[in-house]
Amino acid sequence: MIKNQLHQPTLAQSPLARRIDAFVCTLLRHWLLLFLTPMLIFVTLPFLAPVAMHWGWEGIGRILYIAYSPFCHQLPQRSWFLFGEKLTYTLTEIQQVYPYADAWHLRHFIGTPTMGWKVAWSDRMISFYFMTPVFGLFYPLLRRLGYTLRPIPMWLMFLALTPLMLDGMTHVFSDALYGISNGGFRDTNLWLAQLTNNAFPGFYAGDHYGTFNWWMRLLTGLLAAWGLAFHYLPWLDRLMRKEVRRTCAR
């Protein structure tokens, strides 16, 4: 009885177990590819909404706008337009073809053949959501070049996120108090004009390309994306490499 038990193959020795171990080790070694690929697909699909509308695939385009509406307000005056006359439009320009001022109606405006079609991300989400995995692509590139990247400290990551949170929250308060793009303190930015003695006319008010709000959403989103990518990816990489050495070095 004891002799038979000694000669029975253990689970770790079975072909199935070896295949499972090999599969798990493959996942661990290629975790970054498996992690970034779905993220990149998710953040890129909103750019296909205007492409689909431009090519006449309206059903696909509208599905993409609806699918991404829970993740973004999609206000057109704070979005980018493709295949049209401009990259961005003021609320006044939008209301010339779409006479609504409330957020519920505005977020459903996707564009026209002349103006172009709205990306299903707002400009802030482009700089933050989209650029986080894009920054993640730099990590394996730098690693292949021989750089050993340590995770940036937690305090530095939160410091990188702070401008995005401040910019976003002040917009929320301004919109809540005065209405969407309706002359609030983050629409006119009179405080900034006074601080700079109105040195840059045309820079302070609005959300369109080149204004203070446009640049702040772009730069704070980029900074936050950098902070998240270069804190969590090196940390996860260390964790996965440690697990590979523990599990797969047999």
Side-chain angles (χ1 to χ4, degrees), residues 12 16-52 60 63-65 67-68 70-72 74 79-80 82 87 118-168 214-250:
L16 176 60
R18 287 196 295 270
R19 286 195 292 269
I20 292 174
D21 285 346
F23 177 71
V24 170
C25 288
T26 299
L27 295 181
L28 290 173
R29 290 190 176 101
H30 300 284
W31 75 271
L32 188 58
L33 176 66
L34 298 171
F35 182 73
L36 288 179
T37 298
M39 286 185 65
L40 286 166
I41 292 173
F42 177 76
V43 300
T44 301
L45 284 176
F47 290 93
L48 297 185
V51 173
I60 296 175
I63 287 173
L64 288 171
Y65 286 118
Y68 280 85
F71 304 100
C72 178
Q74 296 183 359
S79 300
W80 293 2
L82 304 182
L87 178 66
K118 180 178 68 175
V119 177
W121 285 138
S122 69
D123 49 7
R124 189 190 304 280
M125 296 301 98
I126 290 174
S127 63
F128 180 49
Y129 282 176
F130 180 72
M131 289 305 298
T132 298
V134 171
F135 274 123
L137 294 176
F138 286 97
Y139 177 71
L141 176 63
L142 293 171
R143 196 176 63 185
R144 284 181 177 274
L145 293 175
Y147 293 96
T148 302
L149 299 177
R150 296 181 178 182
I152 65 171
M154 181 74 76
W155 66 266
L156 183 56
M157 183 196 70
F158 280 115
L159 187 63
L161 289 170
T162 299
L164 176 73
M165 293 187 289
L166 288 175
D167 188 63
W214 188 88
W215 278 110
M216 284 300 99
R217 287 195 289 271
L218 177 68
L219 296 176
T220 59
L222 288 173
L223 183 61
W226 169 82
L228 285 178
F230 283 94
H231 172 75
Y232 282 108
L233 289 182
W235 177 76
L236 286 171
D237 192 36
R238 286 186 172 190
L239 185 66
M240 294 300 176
R241 285 173 178 268
K242 182 179 179 181
E243 189 63 25
V244 167
R245 288 192 298 269
R246 187 182 71 84
T247 305
C248 306
R250 297 175 181 174

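Only a predicted model underlies this, so the values are computations on that prediction, with no experimental measurement involved.
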ask   = Hey, is the main chain of Ile152 close enough, under 3.5 Å, to the side chain of His231 for a donor-acceptor pair?
value = yes
query = If we only count heavy atoms from C-beta on, is the Ser79 to Val119 side-chain gap below 4.5 Å?
reply = no
request  = Any chance you could lay out the side-chain contact (heavy atoms from CB on, under 4.5 Å) test for Arg124 and Leu164, step after step, and finish with the verdict?
outcome  = CA-CA 9 Å; Arg124 189 190 304 280; Leu164 176 73; 3.7 Å; yes
ask   = Distance from Leu45 atom CG to Trp121 atom CH2, nearest 0.5 Å?
value = 9.0 Å
task = Could you check Thr132, Leu218, Leu223 and say which one makes a side chain to side chain contact (heavy atoms under 4.5 Å, CB included) with Ser127?
result = Leu218
request  = Write down the atom of Pro234, the atom of Pro151, and the distance for their closest heavy-atom approach.
outcome  = CB-N, 3.6 Å
inquiry  = I'd like to check Leu161 versus Met165 (side-chain heavy atoms, cut-off strictly below 4.5 Å). Are they in contact?
reply    = yes
query = Are Leu142 and Phe230 close enough that some pair of their side-chain heavy atoms sits under 4.5 Å apart?
reply = yes
query = If every non-hydrogen atom of Gln74 is compared with every non-hydrogen atom of Lys118, which pair is closest and at what distance?
reply = O-NZ, 2.6 Å
ask   = Can you tell me how far the CZ atom of Phe158 sits from the OG1 atom of Thr162, to the nearest 0.5 Å?
value = 8.5 Å
message = Could you measure the distance from the CH2 atom of Trp31 to the CD atom of Glu243? Nearest 0.5 Å is fine.
response = 13.5 Å
Separation between CG of Leu149 and CG of Asp237, rounded to the nearest 0.5 Å = 9.0 Å
query = Is there side-chain contact between Phe135 and Leu233, with at least one heavy-atom pair below 4.5 Å?
reply = no
remark   = Rounded to the nearest 0.5 angstrom, the CG-CD1 distance for Leu36 and Ile41 is 11.0 Å
task = Enter the distance from Trp226:CH2 to Leu156:CG here, rounded to the nearest 0.5 Å.
result = 4.5 Å
task = Could you pull out the closest heavy-atom pair between Leu64 and Ala120, with the gap in Å?
result = O-CB, 4.4 Å
inquiry  = Would you say the rings of Phe71 and Phe42 are close, in the sense that their centroids are separated by under 6.0 Å?
reply    = yes
message = Looking at every heavy atom in both Gly136 and Ala229, which two are closest together, and how far apart are they?
response = N-CB, 4.1 Å
task = Measure across Phe130 and Thr44 and return the closest heavy-atom pair with its distance rounded to 0.1 Å.
result = CE1-OG1, 3.7 Å
